[in-house]
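This report refers to the structure that appears directly beneath it.
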There are 2 protein chains.
Amino acid sequence: MPRVGLTRDALISAAADVADEIGFEHLTLAVLAKRFGVRDASLYTHVRGLSDLMEGVALLAHDEWAEVLGQAVAGRSGHAALTAFADAYRAFATGHPGRYAATRYPIAPERLAASQGVARIIEACYALLRGYDLPEPDATDAVRLLRSTFHGFSDLEATGGFTADRSLDASWRRAVDALHHTLTEWSRI
Amino acid sequence: MPRVGLTRDALISAAADVADEIGFEHLTLAVLAKRFGVRDASLYTHVRGLSDLMEGVALLAHDEWAEVLGQAVAGRSGHAALTAFADAYRAFATGHPGRYAATRYPIAPERLAASQGVARIIEACYALLRGYDLPEPDATDAVRLLRSTFHGFSDLEATGGFTADRSLDASWRRAVDALHHTLTEWSRI
DNA sequence: GACCTATCCTAGGTACCTTAGGTTAAAACC
DNA sequence: GGTTTTAACCTAAGGTACCTAGGATAGGTC
């Protein structure tokens, strides 16, 4: 019986792909083991258990997501930065539904702190706001508003929450423009 | 062995309470059966299975939610209606996290159509917009924007997505005011 | 009091997570 | 090249949960 040569990273990466294919909530050790032609108990050599695997996927997703969002904001400002950030956000959520769902999985605080991903995402958010010149605590309120709208739209879209006969792209564009307007007029609200 | 007198409605109602207590995703037939002092197999007399039970909770949650949101909008318009709707939305989401999570559970189309809840919620949304006088398709875009922001904020709040040291109530107030501003200025965006 | 219905039961199958301990492939060492 | 060590992958088994099949019986009807 030759060895497959599993590693923790290979498992987590494959698990992320599985999650994108069948949904993060349907990710199971059994299906992952089957993908590698291995018994599910064998996975415990590389991973503490299902929740550990899920945390790994969550951290990986955060890192990949941070990369995408950071790229979108880099070299842009104002409306262009906001639009690029928003589109990258939604593209990640719809293009990688399993990974996106994983980003909502609770991660142990010490691991979260060790990871760069979350910090880079928050950093990208604040960088994006720099062009709108908001003082604290308005900047935090604005970041929360942006995240809420982006996450809410993406989540509702992913779970089939929108049923009206109207282009989702068009509604999205409108929402982003509305946020831009809000940010520019922030002090007058 | 005396009979407990279970009914489908009693099961679903209790399941909704269980979901609020331990989370909709942790709702299980075993814990529900234990709550009634009954074997889990006995529940199948009243419910087709776990997914049927979950659908029942989802429909119940939609109905209760529609009631709350309808009450909030009734007799109000403009900013007052928006604020009341928003606060009722968030209060339901944070006060009944299990029921709120259930509203995101996929429901069979024919059951969804038979239920009044969803229709009443959408109706409340459009009623709320009446004061802002938006033509289609802007009204649909606006409804989607409102739902996205409310859902995103509530979901992120419920799952611990906001970590900054800033009052959530204050950020929420700001978000709602921003939406009001957006709706009043809609044609100029 | 006998009968019927439907409630609740036991028994058992499947799937998944997890632990314990054994084999052996593959690397490390002499 | 042969021996030792490491750890990858295994089998076995226990726990929990969903679900089906079929039996016992409470509670109502006649």
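Side chains are part of it too, since the values below use all heavy atoms of this structure and drop only hydrogens, waters and symmetry mates. Sequence lines set the chain letters: A, B, ... in the order given, protein chains first and strands last, and positions in each chain run from 1.
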With sequence neighbours excluded, give me every ring-ring contact (aromatic ring centres under 6.0 Å, His included) pair touching residues 103-127 of chain A.
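Residue pairs with at least one partner in residues 103-127 of chain A: A:F24-A:Y105.
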Got more than 12 heavy atoms from elsewhere within 6.0 Å of CD, B:E21?
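More than 12 within 6.0 Å, yes.
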Please list, in numerical order, the residues of residues 97-110 of chain A that have a heavy atom closer than 4.0 Å to any atom of DNA chain D.
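Heavy-atom contacts with DNA chain D come from no residue of residues 97-110 of chain A; none.
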Pairs where residues 56-66 of chain B contributes a residue and the test salt bridge (charged side-chain N to carboxylate O under 4.0 Å, His left out) is met, not counting sequence neighbours:
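Of all non-adjacent pairs touching residues 56-66 of chain B, those that pass salt bridge (charged side-chain N to carboxylate O under 4.0 Å, His left out) are B:E64-B:R99.
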Any pair counted as salt bridge (charged side-chain N to carboxylate O under 4.0 Å, His left out), so long as it reaches residues 150-161 of chain A, sequence neighbours left out:
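Residue pairs passing salt bridge (charged side-chain N to carboxylate O under 4.0 Å, His left out), neighbours aside: A:R90-A:E157.
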For A:W186, what residues pass the ring pair (Phe, Tyr, Trp, His ring centres under 6.0 Å) criterion, not counting sequence neighbours?
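Expected list: none.
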Holding to ring pair (Phe, Tyr, Trp, His ring centres under 6.0 Å), I want the full list of residues that pass it with B:F36, two or more places apart in sequence or in another chain.
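Residues passing ring pair (Phe, Tyr, Trp, His ring centres under 6.0 Å) with B:F36: none at all.
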Taking only N and O in the side chain of A:T28, is any of them less than 4.0 Å away from OP1 or OP2 of C:dC17?
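Yes, because at least one side-chain N or O of A:T28 sits under 4.0 Å from OP1 or OP2 of C:dC17.
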Stepwise, does the ring pair (Phe, Tyr, Trp, His ring centres under 6.0 Å) test hold for B:W172 with B:F162?
CA-CA 12 Å; B:W172 174 257; B:F162 294 134; 9.9 Å; no
Quick test: give all pairs of protein nitrogen or oxygen and nucleotides 5-7 of chain C nitrogen or oxygen below 3.5 Å, distance rounded to 0.1 Å.
{"residue": "C:dT7", "atom": "O4'", "partner": "B:R3", "partner atom": "NH1", "Å": "3.1"}
{"residue": "C:dT7", "atom": "O2", "partner": "B:R3", "partner atom": "NH1", "Å": "3.3"}
{"residue": "C:dT7", "atom": "O2", "partner": "B:R3", "partner atom": "NH2", "Å": "2.9"}

Report the nucleotide, chosen from D:dC19, D:dA17, D:dC10, that has the shortest atom-to-atom distance to any side-chain atom of A:S42.
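The answer is D:dC10, which lies nearest to the side chain.
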CZ on A:R104 to OH on A:Y100, rounded to 0.5 Å:
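A:Y100 atom OH to A:R104 atom CZ measures 7.0 Å (nearest 0.5 Å).
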Find the distance A:L43:CG to D:dA7:C1' and express it as a whole number of Å.
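One finds 15 Å between C1' of D:dA7 and CG of A:L43, rounded.
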Ignoring hydrogens, what is the shortest heavy-atom contact between A:R147 and A:C125? Give both atom names and the distance.
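So the minimum-distance heavy-atom pair works out to CG-SG, 4.4 Å.
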Rounded to 10 degrees, the angle between the two terminal axes of the helix from C:dG1-D:dC30 to C:dC30-D:dG1, each from five pairs
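Angle reported: 0°, given to the nearest ten degrees.
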Side chains of residues 38-48 of chain A: which donor-acceptor partners sit under 3.5 Å, not counting sequence neighbours?
{"residue": "A:S42", "atom": "OG", "partner": "A:R39", "partner atom": "O", "Å": "3.3"}
{"residue": "A:T45", "atom": "OG1", "partner": "A:S42", "partner atom": "O", "Å": "3.4"}

Please list, by residue number, the residues of residues 49-61 of chain B whose heavy atoms come closer than 4.0 Å to an atom of DNA chain C; answer none if no residue qualifies.
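Here the set is empty: none.
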May I ask you to list the residues of residues 33-41 of chain B, by number, that have any heavy atom positioned under 4.0 Å from an atom of DNA chain C?
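Output list: B:V38, B:R39, B:A41.
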N/O donor-acceptor pairs under 3.5 Å from side chains in residues 128-135 of chain A, not counting sequence neighbours:
{"residue": "A:R130", "atom": "NH2", "partner": "A:E123", "partner atom": "OE2", "Å": "3.3"}
{"residue": "A:Y132", "atom": "OH", "partner": "A:G78", "partner atom": "O", "Å": "3.4"}
{"residue": "A:Y132", "atom": "OH", "partner": "A:H180", "partner atom": "ND1", "Å": "2.7"}

Given side chains that start at C-beta, do those of A:F85 and A:R76 come closer than 4.5 Å, heavy atoms only?
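A:F85 vs A:R76: side chains apart.
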